[in-house]
4 protein chains.
Amino acid sequence: MSAKKDDKRDAILQAAAQCFSRFGYDKTTLQDIGDAAKLNKASLYYYFRNKEDLFVQVVLLEAERYLGALQEQVQPLMRATDKIVAYLTGRLEYYRQVLNLHQLSIENLQRLEPMFDDVYQAVRGQELAFLGELLSEGVTDREFLKLQPERTADALLTVADGIKHEAVQRARTRFAHEVDYAPVQEKLTYTLTLLLNGLKK
Amino acid sequence: MSAKKDDKRDAILQAAAQCFSRFGYDKTTLQDIGDAAKLNKASLYYYFRNKEDLFVQVVLLEAERYLGALQEQVQPLMRATDKIVAYLTGRLEYYRQVLNLHQLSIENLQRLEPMFDDVYQAVRGQELAFLGELLSEGVTDREFLKLQPERTADALLTVADGIKHEAVQRARTRFAHEVDYAPVQEKLTYTLTLLLNGLKK
Amino acid sequence: MSAKKDDKRDAILQAAAQCFSRFGYDKTTLQDIGDAAKLNKASLYYYFRNKEDLFVQVVLLEAERYLGALQEQVQPLMRATDKIVAYLTGRLEYYRQVLNLHQLSIENLQRLEPMFDDVYQAVRGQELAFLGELLSEGVTDREFLKLQPERTADALLTVADGIKHEAVQRARTRFAHEVDYAPVQEKLTYTLTLLLNGLKK
Amino acid sequence: MSAKKDDKRDAILQAAAQCFSRFGYDKTTLQDIGDAAKLNKASLYYYFRNKEDLFVQVVLLEAERYLGALQEQVQPLMRATDKIVAYLTGRLEYYRQVLNLHQLSIENLQRLEPMFDDVYQAVRGQELAFLGELLSEGVTDREFLKLQPERTADALLTVADGIKHEAVQRARTRFAHEVDYAPVQEKLTYTLTLLLNGLKK
DNA sequence: GATGAATGAGGATTCATTCAT
DNA sequence: AATGAATGAATCCTCATTCAT
């Protein structure tokens with residue numbers, strides 16, 4: 001019966017995704033989502049703990065899809081270095097889009113961030129595997145020196161997330177619309193280049 | 001002593017501007033604004049009729065500044081035609097920014113539009129004068145045939161606003177974040193070109 | 001289980017009716033009504049859209065009872081003409097009482113009028129049937145010429161409501177308590193007499 | 001300068017009287033009264049302690065005028081007994097009108113009653129004198145036995161007020177609109193008749 | 001005396017959330 | 001699993017009242 005439950009859960013997630021991107025997080029009411037999912041709003045609490053949880057799950061689902069697509073999109077690139085940089089910068093771009101898409105205010109963002117961190121653990125394993133493979137590829141192609149793929153992949157992800165996190169924190173004192181992602185992207189690219197250079201012969 | 005009142009009013013407007021752009025229109029509470037302005041929220045009603053009015057005044061102030069800057073920015077261009085097109089398209093871009101900046105939902109936008117129209121009358125005089133001057137310039141430089149600056153300026157502004165308004169109306173059926181301004185800009189540019197060509201020898 | 005909901009709804013209506021007639025429309029708070037119905041004030045919104053809606057429903061309920069009583073009260077009269085006139089003037093008298101009973105200001109009255117109109121449609125069917133029967137009676141008793149009961153009943157009701165409506169409109173410039181219903185009653189009686197005479201041989 | 005102040009005070013009272021009878025006590029705002037009196041609403045507090053005080057003063061002024069008129073109106077009656085009964089029942093009628101005129105809710109009424117009592121002391125002296133005179137007349141005309149005018153007048157007024165007060169108290173448990181003054185009038189008339197009969201030979 | 005400015009209290013309304021069934 | 005029903009908290013707004021000038 002878990003399959004059935006999952007179906008319903010997915011239907012709710014889809015309805016919620018539409019509502020959130022249409023109205024933004026704050027303006028979306030559980031009534032809206034319930035209506036869209038053809039379910040009483042009270043029933044949503046059977047599948048999700050609360051509005052925040054539901055939102056985070058929506059974002060997680062989108063993240064899985066987006067990052068999957070990004071991974072495929074990056075494959076045609078020639079060098080492992082380029083694939084890695086493209087993937088990690090594409091990942092940041094995704095983060096920016098989520099904020100805009102759901103009209104998340106900085107306030108909400110900071111309230112929800114810990115929940116995001118929890119949820120990202122779920123995707124992180126997959127991401128680590130992907131990066132690890134790219135790194136191994138790089139070694140095979142003699143692009144990188146011998147390295148420990150898992151630890152290096154973890155380091156890369158941590159660096160990328162650290163830079164992203166710093167950007168959000170810095171936003172604390174500035175206005176939401178003023179957050180400029182260009183310098184963050186630049187910093188990320190620069191740091192990754194340094195790191196990956198360190199792996200080269 | 002009206003200066004003092006105006007000072008306070010301005011302080012509130014500034015506080016409100018910060019809040020609106022930080023949290024968006026809906027999420028900004030009068031409590032937020034009152035706190036930021038170091039004033040009881042009830043006192044805000046001494047200076048403004050209601051939340052909507054306050055918001056519109058904020059936008060008006062921003063519009064004055066923005067349009068002033070735009071006018072200066074446009075002056076270095078060589079031909080009057082270019083100045084006019086640049087000004088009127090820059091103006092539309094501003095409109096787009098306001099929506100994003102304050103995370104105005106289409107719903108709110110349509111509710112507030114009449115209030116905006118009222119308020120824009122205040123700036124319109126200044127805009128007409130500016131455009132009129134550009135047109136006169138164009139005549140002096142033999143770029144345009146003889147024309148009535150006031151009436152022509154009015155026509156240009158009306159056309160630009162009409163195209164903007166149509167875009168909002170069309171948005172009625174689409175999601176706020178999906179409104180694509182590129183075709184609107186294109187339509188505006190095209191229409192203006194036609195119009196201004198009509199003024200040429 | 002809808003019966004249960006209706007029971008609660010009725011309990012609220014009764015509580016509201018008491019409050020409205022005790023304190024008047026404006027002075028009655030939803031807190032008052034909630035207290036009287038032993039329900040959180042927010043719960044009232046589960047049953048009614050807002051204060052105005054609640055008020056209108058109260059009046060509707062009273063109207064049904066009053067008009068029912070009026071119909072019985074009118075039956076003993078000998079001639080159909082008399083019954084009709086008595087019913088329609090009694091109806092106006094009821095309208096006057098509602099205003100006084102709930103201390104409705106002209107301001108509120110004019111704001112609520114459209115809602116009343118909506119709600120009166122619900123009773124109108126019953127009223128039309130009653131009047132139609134009186135008219136048919138009149139024909140049987142050779143008091144009236146042959147006529148179309150439905151259309152004639154409709155005409156009578158429309159005339160009565162029109163005269164009532166005119167009185168409210170005229171009140172626009174006068175104080176609520178100064179509205180004098182005597183001339184309205186007179187006008188109504190006169191007009192009805194003319195109309196009904198037109199139906200006689 | 002006290003004359004000037006009194007003028008202003010009277011102007012305010014007149015403005016307030018209009019507002020109160022137009023909108024009712026609750027719906028009248030101090031802003032309304034200030035506007036009508038062409039005075040800042042804060043200035044009203046220079047002349048009156050608060051809204052209640054202002055209202056009570058308005059009623060007092062009206063009472064003086066009304067009771068003065070009533071006294072004249074009663075004079076043409078032949079017998080002192082009739083004059084007294086007419087005066088005291090007319091007085092009760094006035095009381096009823098005040099409630100309706102200003103749409104005083106029972107709630108407000110009971111809150112304001114103590115203030116009324118204070119204020120009525122001001123008129124009471126005049127009323128006692130008037131009644132005393134009627135009583136003396138009655139003695140001169142051999143309608144009554146010898147009596148002490150002051151004490152008897154006081155007794156009459158106390159009885160009349162007591163009956164009125166009882167009516168208000170009884171209203172506590174009933175709805176405002178249901179207060180029926182007819183039995184109160186009757187009771188008053190009956191009691192007065194008994195009393196005055198007691199004074200006759 | 002008069003008023004501009006400020007505020008606390010209260011009222012209508014919305015919404016996330018809970019709970020019994 | 002699903003939902004009808006209920007509620008506390010938060011939000012916009014109005015108004016009587018106060019106070020410094």
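A, B, ... follow the sequence lines: proteins, then strands. Residue 1 opens every chain. All values reported here derive from a predicted model rather than from experimental measurement. Both backbone and side-chain heavy atoms feed into the values below; hydrogens, waters and symmetry mates do not.
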Identify the nucleotide, in any strand shown, that forms a Watson-Crick or G-U wobble pair with F:dT14, with both distances under 3.5 Å; if there is none, say none.
E:dA9
What is the distance, rounded to the nearest whole Å, between atom CZ of C:R9 and atom P of F:dG4?
17 Å
Rounded to whole angstrom units, what separation is found between the CG atom of C:D32 and the P atom of E:dG10?
13 Å
Can you tell me the distance, in whole Å, between the CG atom of C:L30 and the C1' atom of E:dT13?
9 Å
Phosphate OP1/OP2 of F:dA5 contacted by C:K5 side-chain N/O (<4.0 Å)
yes
Would you say A:K27 places a side-chain N or O within less than 4.0 Å of OP1 or OP2 belonging to E:dC15?
no
Have a look at C:S43 and say if it touches a base, only the backbone sugar-phosphate, or nothing, with a 4.0 Å heavy-atom cut-off.
base
Rounding to a whole Å, what distance do you find between C:K51:NZ and E:dT14:P?
14 Å
Consider the side chain of C:L39, meaning its heavy atoms from C-beta on, and name the nucleotide among F:dT3, F:dA6, F:dC12 that approaches it most closely.
F:dA6
What contact category does A:Y47 fall into here, base, sugar-phosphate, or nothing, at under 4.0 angstrom with non-hydrogen atoms?
sugar-phosphate
Go ahead and name the base partner of E:dA20; Watson-Crick or wobble counts if both distances stay under 3.5 Å, otherwise write none.
F:dT3
D:A42 has its side chain closest, among F:dA5, E:dT7, E:dA5, to E:dA5
Side chains of C:D10 and C:Q14, donor plus acceptor under 3.5 Å:
no
Here the distance between atom C1' of E:dT18 and atom CG of A:N50, to the nearest Å, is 12 Å
Distance below 4.0 Å between C:Y46 side-chain N/O and F:dA6 OP1 or OP2:
no
About how many Å separate CG of D:D26 and CZ of D:F55, when rounded to the nearest 0.5 Å?
9.5 Å
Between C:D26 and B:K8, name the one whose nearest nucleotide on DNA chain E is closer to the 5' end.
B:K8
Would you please confirm or rule out a distance under 4.0 Å between OP1 or OP2 of F:dA6 and any side-chain N or O of C:K41?
no
To the nearest 0.5 Å, what is the distance between CD (A:Q18) and CG (A:D32)?
11.5 Å
Can you tell me how far C1' of E:dT21 sits from OH of A:Y45, to the nearest Å?
19 Å
How many whole angstroms separate atom CG of A:L54 from atom C1' of E:dC15?
15 Å
Measure the CZ-NZ distance between C:F20 and C:K51 for me, rounded to the nearest 0.5 Å.
6.0 Å
Nearest-Å distance, CG (B:N40) to P (F:dT17)?
17 Å
Separation of B:D6 CG from B:L13 CG (nearest 0.5 Å):
10.0 Å
